[in-house]
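By convention in this document, chain letters (A, B, ...) are assigned in the order of the sequence lines, proteins followed by strands, and residues within each chain are numbered from 1. Heavy-atom basis, side chains included; hydrogens, waters and symmetry copies ignored.
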Amino acid sequence: MLSLAVDQLSKTYPNGTVALNRVSFRAHPGEGIVLLGANGSGKSTLLRCMVGLEKPSSGSIRVGDAWIETANANQLRLLRRQIGIVFQRFNLVSSLSTFHNVLQGALGRSKGPRYWFPATAPQRERERVMQCLERVNLAHLAQQRVDTLSGGQQQRVAIARMLMQDPSLLLVDEPVASLDPKSGREAMDLLWDIVRERQLTVICTLHQLDLAKDYADRIIGLRHGAIQIDAPAHQLTDHELSWLYESSTLDTIETPT
Amino acid sequence: MNHRPSTRSKPQPDSTALPQSAPPRWHRPSPLVCIGLVIGAAFFLHGLWISELTPLRILRGFSRLWNFLDQAIPPNPRRLGSVIQATLETFEMALVGTVFGAILSLPVAILAAKNTTPHPMIFAASRSFVTLLRVIPDLVWGLIFIIVVGLGPAAGIMALTADTMGFCGKFFAERIEEIEPGPVEALRAIGASQISIIFGAIFPAALPSFVASTLFALESSVRSAVVLGLVGAGGIGVELSTSMQLLRYDEAFMVIIVIFVVVLLVEQISSLIRRRIIGNAHG
């Protein structure tokens with residue numbers, strides 16, 4: 001459980017695209033937030049700023065009691081260790097085994113070379129990898145190369161890697177976008193079970209209104225990089241939410257110059 | 001672009017949507033291309049002239065070649081034992097030089113790849129270093145290292161190490177630059193250190209290509225190692241140059257046959273392994 005405060009966050013790319021426009025919100029420990037928004041609304045940029053993969057143009061992000069945007073390389077590493085991230089495209093190392101990929105979740109904890117290879121990893125960590133794989137029902141595929149698995153299985157490997165990392169704050173980037181509807185639901189169920197079990201603070205970007213309403217405690221709607229909706233999930237109607245996805249031909253694109 | 005309107009074009013219809021006259025058949029090349037062609041042709045003709053490569057000389061050369069073959073056949077296996085031993089030394093020189101070169105190329109490639117270099121200055125320096133290793137021919141490295149460590153296979157190994165680093169350093173770095181950014185980002189987000197990311201995501205993804213490049217380097221090293229012997233850097237080349245200078249063409253021919261067999265074997269085996277690796281990487 002880790003609190004998160006985003007304050008007046010803006011991001012403008014060198015080509016002039018405004019990805020985020022003064023975004024502010026606060027996530028309480030244990031809260032499940034879903035970020036909704038059309039493609040290009042700035043959801044992914046927001047997540048990437050939160051782990052320091054991208055530098056915001058202005059504004060601040062506080063995780064626990066540390067500031068991401070001013071952290072030096074070492075502090076950033078320590079912060080990242082506490083923030084798990086599950087990517088839309090899984091981002092597994094495709095030439096390695098399932099076991100090896102999950103073991104890499106521990107790389108943030110160690111500096112030594114023992115964690116680089118399954119053969120040299122400490123027994124305790126090797127057992128933990130198997131526990132994480134069992135939690136996502138993939139223990140039987142531990143030795144398989146990860147690029148031979150199906151999309152749904154790869155997503156579960158990515159979730160197991162996140163379990164291995166053992167974060168306090170979880171960021172999830174469109175976990176179902178690369179999956180068929182059934183595997184998508186399964187992935188969401190699994191993720192949310194884990195989130196509740198471990199009482200993680202979670203911020204999850206989604207496209208699907210129905211999924212968002214089923215899983216979220218709170219929904220934040222982004223449009224053109226700015227927060228348009230921020231309310232408990234049960235208070236929002238479909239009509240309000242679908243507005244986020246309507247084409248913006250009528251209202252001018254909100255890019256301050 | 002000089003576009004000369006054709007006088008022979010048919011009368012144009014009113015509609016602008018229809019195509020106008022066809023593009024000209026011929027564009028006059030730019031002055032730069034003309035100058036380049038003239039300079040290239042001048043070098044070519046001058047080269048032909050200084051070599052005095054006349055049909056008569058070539059014809060006379062054939063009779064000398066016949067003379068050589070006449071003395072060379074049948075090849076003389078009298079010294080086959082020492083020839084095979086020297087060939088083995090050549091192969092081992094190539095192997096050791098290539099392995100050293102490939103291993104030393106790994107850190108250099110990390111520094112010389114845009115996405116892993118710690119600093120643009122280090123990037124530029126390591127790229128220049130690799131280029132320097134490559135632009136100096138292996139034979140020149142051989143001569144330099146003979147001065148450093150004296151005649152023998154040690155000089156040959158060092159020359160081949162330098163040569164392999166010039167080749168592998170470039171190819172490894174280019175492969176690292178092509179790596180998918182996703183897994184690297186994932187490990188960075190986990191909080192892995194740079195060195196863990198290199199071993200955890202970069203090397204595993206690039207390994208098949210690294211091995212394939214190294215096998216290419218090995219093939220080229222085996223050929224280089226033969227020639228390096230001619231300047232005294234160990235191996236079969238020494239045998240060949242001795243036999244040639246003593247006009248023992250039948251022994252020289254034996255040496256050439258052994259070289260042929262070994263180089264062919266290495267190339268065949270290496271390409272077999274390469275095909276297996278690249279096949280696996282795709283399957």
Side-chain angles (χ1 to χ4, degrees), chain A residues 44 47-48 50-54 71 73-97 100-118 120 145-148 157-158 161-162 164-167 169-171 173, chain B residues 103 106-107 109-111 113-120 122 171-172 174-215 273-283:
Chain A
S44 296
L47 288 195
R48 293 168 59 81
M50 285 182 208
V51 279
L53 289 175
E54 244 166 90
N74 240 339
Q75 293 166 326
L76 199 55
R77 265 194 70 195
L78 289 174
L79 271 168
R80 282 168 172 166
R81 245 157 64 176
Q82 307 174 61
I83 307 174
I85 180 158
V86 175
F87 294 90
Q88 179 186 345
R89 303 285 319 150
F90 325 135
N91 288 358
L92 301 168
V93 182
S94 56
S95 55
L96 300 181
S97 68
H100 198 161
N101 269 283
V102 176
L103 177 66
Q104 290 188 330
L107 281 178
R109 258 177 268 145
S110 82
K111 277 190 169 164
R114 281 196 75 181
Y115 286 65
W116 293 349
F117 309 104
T120 54
R145 257 177 79 132
V146 84
D147 54 2
T148 62
V157 176
R161 178 172 68 181
M162 177 274 287
M164 188 69 190
Q165 184 189 349
D166 194 20
L169 169 66
L170 177 61
L171 308 178
D173 190 11
Chain B
I103 291 171
L106 291 173
I110 291 287
L111 300 178
K114 279 197 195 79
N115 49 347
T116 50
T117 192
H119 194 273
I122 296 175
F171 279 87
F172 287 8
E174 277 170 6
R175 178 65 188 97
I176 291 171
E177 285 177 354
E178 285 167 9
I179 286 208
E180 279 184 277
V184 174
E185 261 185 8
L187 294 199
R188 185 160 294 140
I190 282 167
S193 61
Q194 185 62 22
I195 182 115
S196 301
I197 293 171
I198 288 167
F199 276 90
I202 291 174
F203 283 168
L207 195 65
S209 160
F210 283 2
V211 175
S213 304
T214 305
L215 285 169
I273 299 173
R274 248 182 304 128
R275 236 176 295 141
R276 288 280 301 268
I277 290 167
I278 291 165
N280 279 350
H282 286 222

Problem - Gap between atom CG of A/L92 and atom CD of B/E180 - 0.5 Å precision - result: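 The CG atom of A/L92 is 10.0 Å from CD of B/E180, to the nearest 0.5 Å.
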
Practice task
Any chance you could measure B/E185, atom CD, to A/E54, atom CD, to the nearest 0.5 Å?
Solution key: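 Rounded to the nearest 0.5 Å, the CD-CD separation comes out at 8.0 Å.
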
Is it the backbone or the side chain of [X] that comes under 4.5 Å from a heavy atom of chain B, or both, or neither?
{"X": "A/R161", "answer": "side chain"}
{"X": "A/Q104", "answer": "both"}
{"X": "A/F117", "answer": "side chain"}
{"X": "A/L96", "answer": "side chain"}

Handout entry: Residues, nucleotides or ligands: over 12 heavy atoms within 6.0 Å of A/Q75 CD
Key =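 Count over threshold, so yes.
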
Handout entry: Residues, nucleotides or ligands: over 12 heavy atoms within 6.0 Å of A/R89 CZ
Key =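 No - once you tally the heavy atoms of other residues, nucleotides and ligands closer than 6.0 Å, there are 12 at most.
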
Handout entry: Closest-packed option against chain A by number of heavy-atom pairs under 4.5 Å, given B/A205, B/A201, B/S193, B/P181
Key =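 Most heavy-atom pairs under 4.5 Å with chain A: B/S193.
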
Practice task
Output yes when a side-chain donor or acceptor of A/R80 lies under 3.5 Å from a complementary backbone atom of B/A189, and no otherwise.
Solution key: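 No; zero donor-acceptor contacts below 3.5 Å.
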
Practice task
Using a cut-off of under 4.5 Å on heavy-atom pairs, state which of A/M164, A/R77, A/H100, A/R109 scores highest against chain B.
Solution key: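 With the most close heavy-atom pairs to chain B, the winner is A/R77.
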
Exercise for the section: Answer with side chain, backbone, both or neither: which region of B/I197 has an atom nearer than 4.5 Å to a non-hydrogen atom of chain A? Expected result: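 Neither part; nothing is under 4.5 Å.
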
Practice task
Let me know if B/L187 has heavy atoms under 4.5 Å from chain A in its side chain, its backbone, both or neither.
Solution key: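 Interface part for B/L187: side chain.
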
Problem - Where B/P204 and A/S95 come nearest, the two heavy atoms and their spacing - result: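 Shortest heavy-atom contact: O-OG, 3.0 Å.
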
Problem - Contact summary for A/V93 and B/P183, nearest pair of heavy atoms - result: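 It is CG2-CB, 3.8 Å.
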
Problem - Aromatic plane relationship, B/F199 with A/W116 - under 30° parallel, 30 to 60° tilted, over 60° perpendicular - result: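 If you compare the ring of A/W116 with that of B/F199, the planes turn out parallel.
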
